[in-house]
Number of protein chains: 2
Amino acid sequence: MGKGHVRLADVAKAAGVSQGTASNVFSRPDVVREEVRERVLNVARELGYGGPDVKGRLLRAGRVNAIGVAAVEPLTYFFDDPWARSLMTAIGEVCDASGTGIAVVSAMNEERLAWNINSALVDGFILLCVEGGERLVELTRQRQLPFIALALGIEDETIPAIGIDNVAGGAAAARHLLELGHRDIAILSIGDVDGLVGLVAPERVDPEMEATPRDRMHGYWQALAEFGIPREAVPIQGTLHDRPSTLTAMEALFSTDNPPTAILAMSDNVALFAMQWLAERGLKVPEDVSIIGFDGVPEAAASLPRLTTVAQPFAEIARRSVTAILENALPKNHEALDLELVVRDSTAAPRPQ
Amino acid sequence: MGKGHVRLADVAKAAGVSQGTASNVFSRPDVVREEVRERVLNVARELGYGGPDVKGRLLRAGRVNAIGVAAVEPLTYFFDDPWARSLMTAIGEVCDASGTGIAVVSAMNEERLAWNINSALVDGFILLCVEGGERLVELTRQRQLPFIALALGIEDETIPAIGIDNVAGGAAAARHLLELGHRDIAILSIGDVDGLVGLVAPERVDPEMEATPRDRMHGYWQALAEFGIPREAVPIQGTLHDRPSTLTAMEALFSTDNPPTAILAMSDNVALFAMQWLAERGLKVPEDVSIIGFDGVPEAAASLPRLTTVAQPFAEIARRSVTAILENALPKNHEALDLELVVRDSTAAPRPQ
DNA sequence: TCGAGCTTTTGAATCGATTCAAATAATGGA
DNA sequence: TCCATTATTTGAATCGATTCAAAAGCTCGA
């Protein structure tokens, strides 16, 4: 194989028909006379022709029928990270329904990312802007394909994006704990800056924190204020969204005289790590400590006890993103979808004193 | 945008250079005089040219720099299923290192699958043959691209495939339990045929079971025989590799007079479901019941207690598959890689009677 | 037998680049 | 100044299909 690669033109010649007819045999078989069709197909088989090459078709059609999902992360991120996976699953569902393919494009380093974005064969991009979002958007812009940014951290109205109402979500989470009667609450925040691990003073939130955790924080504070609790009364422990920093944060939170009876975690990931720490310390959830997560990843539904959380509308996000790209109908302004409080087994009223 | 789409030829004309030079400016900038390069780049910027279109380049180059991973499953499978994810993560690692992209191609129904396989823009395929493997191979063959089959159920030496030594793996798992002293052992098998749920007689294994579970079973039996235990003494409960059927199987296993002290599960999935059942029944692992899984998915390392298992060499499988495809050096014969017994916390000696 | 109205087929243009042999320009040495 | 080199550019061919206006074949009624 290899050297004598058969193409449509060869088949056409061998079958004694024009290339146009040969093409029709494959792409619009109804238009060509049965007898001819048979003959061409036979010749094709004899020659070992494998059907029209996608690359040629593609060049003509200009459409790939696939969307790219990109992030400034290694490829493994898409199959590893619970949030990314939740989204990918939802996107997969939508794409399956419309027969669209998915290409995952990613890269740790900038240079590779630029190349990957530029050479991905897709009709448009969904950008997971968790980290390095601005750069990702900039690179994608150059490609001049429709794209839509998710989890965008910056406030640039010229970027088509779909977001979630983190403030309202945070408020819903905090309100849930407050309504159960909790007053000693602690916050586990997330971020990827080393500066914000350990105890974080409220004043540092606005200037230093990224948009997502900042908004969630403001949501928490908003609900706390409704119940007359000043933000200073609620300790914030910063995590790097991973296990070690979460365990350290929990250690710090529970080594005080007045440990919290409830925890607001800014992600399900962190909440689940925290639950493991509590389990190892023999603290029972929700009897001793209530905890509520954020995001609504499937793992949260499978934990023991099942985690109460504020769920992102993954299916809706995916549906809108994919259709926006396929129909090139990008949203004019940022859309912020609502989250949904999902009460499961990790939250309950505090023990009576 | 849109109507006046700018192409390389436009830029060339506007800059007053030949198309060849314009092309060089982008793809081999070192070969063109700096002055000219600048000029062309400026014109390109003014015209809003976004760089060479991949489709054109691609057609010429004939190479996409991406591999497709295909399965007869919905797209969500790749982000959902632990085994698939383990593999995808490993594949992602290899691809990241070589700057190769990944396209996931899938479909529930045959017709769509054929289309997807045919129109995926990739240089080759890795086939996850978990179900409907033969059909998948057949479709991919027509595409005339290099491909390699994983988890292939059939014995066709003409199909390039990488497999694992399920017999040896099964034997290692069983031997581990036997060496710990267990003699009352039960097997949780897997499959996707309804006929093989519930108690399965040993005689039915060879004629009815798919290759993977069959081989694992023979591995179990082999080790059991070494310890003088006849296969009839070891109950086999068939599952569909999902939660409900596993719970039913466990129910059946433990509602007898003589419940097992150890369980051989043919997948980590099933083992984890079984552990949940045990936990809910108040049976302690490994004190009351030992259990060993199969596959070595990451979930097995994160469970409580951590699951002992026989791990597939995912990284090695991925490395071989990807390089085989990229270098078009497909293995001549089936390779069967070794599994590794990973002893964690879910297995221990049985309670003394 | 003629021609209107269909159905098929043809052939050339097109999609958007890359490539390479040949032409031209610049450089340097004698 | 002239010629041999070397550095740049050019222009046309190529990759592998699809598309569509126009040509050719058919059928059928008058």
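Order of the sequence lines sets the chain letters (A, B, ...), proteins ahead of strands, with each chain counted from 1.
- Side-chain atoms of B/Arg143 come within 3.5 Å of backbone atoms of B/Ala120 as a donor-acceptor pair (strictly under, hydrogens ignored).
- Side-chain contact between A/Tyr77 and A/Ser106 is absent, with no heavy-atom pair separated by less than 4.5 Å.
- Ion pairing of A/Lys13 with A/Asp10 is absent here, as no side-chain N (NZ or NE/NH1/NH2) approaches a carboxylate O to less than 4.0 Å.
- Residues from residues 113-125 of chain A that place a heavy atom under 4.0 Å from any atom of DNA chain D: there are none.
- Ion pairing of A/Asp123 with A/Arg63 is present here, as a side-chain N (NZ or NE/NH1/NH2) and a carboxylate O approach within less than 4.0 Å.
- A donor-acceptor pair is defined here as one N or O able to donate and one able to accept, closer than 3.5 Å; no such pair exists between the side chain of B/Arg57 and the backbone of A/Ser119.
- With a cutoff of under 4.0 Å to any heavy atom of chain A, the contacted region of DNA chain D is bounded 5' to 3' by D/dG16 to D/dT19.
- The backbone N or O of A/Val105 lies less than 3.5 Å from no partner atom in the side chain of A/Asn116, so there is not a single donor-acceptor pair.
- Contacts between residues 8-21 of chain B and DNA chain C, counted as heavy-atom distances below 4.0 Å, involve B/Leu8, B/Gln19, B/Gly20.
- There is a side-chain donor-acceptor pair under 3.5 Å between A/Arg45 and A/Asn42.
- Applying the ring-ring contact (aromatic ring centres under 6.0 Å, His included) test to every pair with at least one member in residues 131-159 of chain A, sequence neighbours left out, gives no pairs at all.
- Partners of A/Glu316 under the side chain to side chain donor-acceptor pair (under 3.5 Å) rule, at least two apart in sequence or in another chain, are A/Arg319, A/Arg320.
- Within residues 45-56 of chain B, the residues approaching DNA chain C are B/Tyr49, B/Gly51, B/Pro52, B/Asp53, B/Gly56, by heavy-atom distance under 4.0 Å.
- A/Arg33 has no side-chain polar atom (N or O) that falls below the 4.0 Å cut-off from OP1 or OP2 of C/dT7.
- Of the N and O atoms on the side chains of B/Arg141 and B/Thr158, at least one donor lies less than 3.5 Å from an acceptor on the other residue.
- Aromatic ring centres of B/Phe79 and A/Phe79: separated by under 6.0 Å.
- Looking at A/Arg135, its side chain never comes within 3.5 Å of a backbone N or O of A/Glu110 through a donor-acceptor pair.
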